[in-house]
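What follows is one structure encoded as structure tokens, with my remarks underneath.
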Amino acid sequence: MLGFALLFVAGCSSTATEPEGSGSNGMDETDMEQQSDSDADSSDAYGAGDGSGVSEEDMTSEERARKSLEQAKEKAMQAASTIYFDFDSSEIRRESQSILEAHAAYLAEDGDASVVLEGHTDQRGSREYNMALGERRAESVARFLRVNDVSEDQIETVSYGEEQPAVEGNSEEAWAENRRVEINYE
């Protein structure tokens, strides 16, 4: 009896066709799946779905270089442009290295691009000490970029010391926001 009920329920499943203009164009699920697979295959054949309409194999070396440069630039622009430092330190933190690697990749790829590295400190310490510390921080970032194939001609460093705080205040949170190097593209 249970088998008959299951057979009856399975036999009564909806087989009605969709009204005209419903979006399926009279295709059943199998047809729609095959169409979807075909669409995916054609996007892979024409630029791997990037909308360019050109496959990687059909690109000239110049087009591949331009695409690589665009990807590097996009990654650099998505990366943070501020590198933070510990108190009284110019050592680059481990978590900042991937950010700097993205910027270095773009700068190494595009020899015409250049950056100004602005070193900043919190207000603790003398003005002279903070100017020197801001310079050491900017130079630390510059050295990292040079080691990662960025030309010296593409990098400029400047120190503002404590003169341009990102956050006003006398708390550890404010001071931590002010101990930084800002990466600015020209």
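Sequence positions, counted from 1, serve as the residue numbers for this chain.
- In this structure a side-chain-to-backbone donor-acceptor pair under 3.5 Å is present from Glu63 to Thr60.
- Within the structure, the ring-ring contact (aromatic ring centres under 6.0 Å, His included) test picks out the following pairs touching residues 147-186 (sequence neighbours left out): His103-Tyr185, Tyr106-Tyr185, His120-Tyr160.
- For Arg93, the salt bridge (charged side-chain N to carboxylate O under 4.0 Å, His left out) partners at least two apart in sequence or on another chain are Asp86, Glu95.
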Residue pair Asn170, Gln123: steps toward the side chain to side chain donor-acceptor pair (under 3.5 Å) verdict: CA-CA 9 Å; Asn170 291 318; Gln123 74 265 25; 2.4 Å; yes

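- Checked against salt bridge (charged side-chain N to carboxylate O under 4.0 Å, His left out), Glu128 has no partners two or more places apart in sequence or in another chain.
- Ionic pairing of Glu173 and Arg179 is not present here: no N-O contact between side-chain nitrogen and carboxylate oxygen is shorter than 4.0 angstrom.
- Remark: of the listed residues Arg143, Arg136, Glu139, Glu139 is the sole one forming a side-chain hydrogen bond (donor to acceptor under 3.5 Å, both in side chains) with Thr157.
- Remark: side-chain polar atoms of Asn178 are not paired, donor with acceptor, to backbone N or O of Thr121 under 3.5 angstrom.
- Looking at residues two or more places apart in sequence or on another chain, you find a salt bridge (charged side-chain N to carboxylate O under 4.0 Å, His left out) between Arg180 and Glu182.
- Side-chain polar atoms of Asn148 and Glu101 form no donor-acceptor pair below 3.5 angstrom.
- Side-chain atoms of Gln154 come within 3.5 Å of backbone N or O of Leu107 as a donor-acceptor pair.
- For the salt bridge (charged side-chain N to carboxylate O under 4.0 Å, His left out) test, no residue two or more places apart in sequence or in another chain qualifies with Arg137.
- Residues Ile92 and Val115 are members of one and the same hydrophobic cluster, defined by side-chain heavy-atom contacts under 4.5 angstrom among Ile, Leu, Val, Met, Phe, Trp and Tyr.
- Under the ring pair (Phe, Tyr, Trp, His ring centres under 6.0 Å) criterion, Phe85 pairs with no residue at all, not counting sequence neighbours.
- Salt bridge absent: Glu162 and Arg127 never bring a charged side-chain N and a carboxylate O closer than 4.0 Å.
- The pair Arg66-Glu62 counts as a salt bridge, with a side-chain nitrogen and a carboxylate oxygen less than 4.0 angstrom apart.
- Using a 3.5 Å distance cut-off with no hydrogens or angles, the side chains of Glu91 and Ser140 do not pair a donor with an acceptor.
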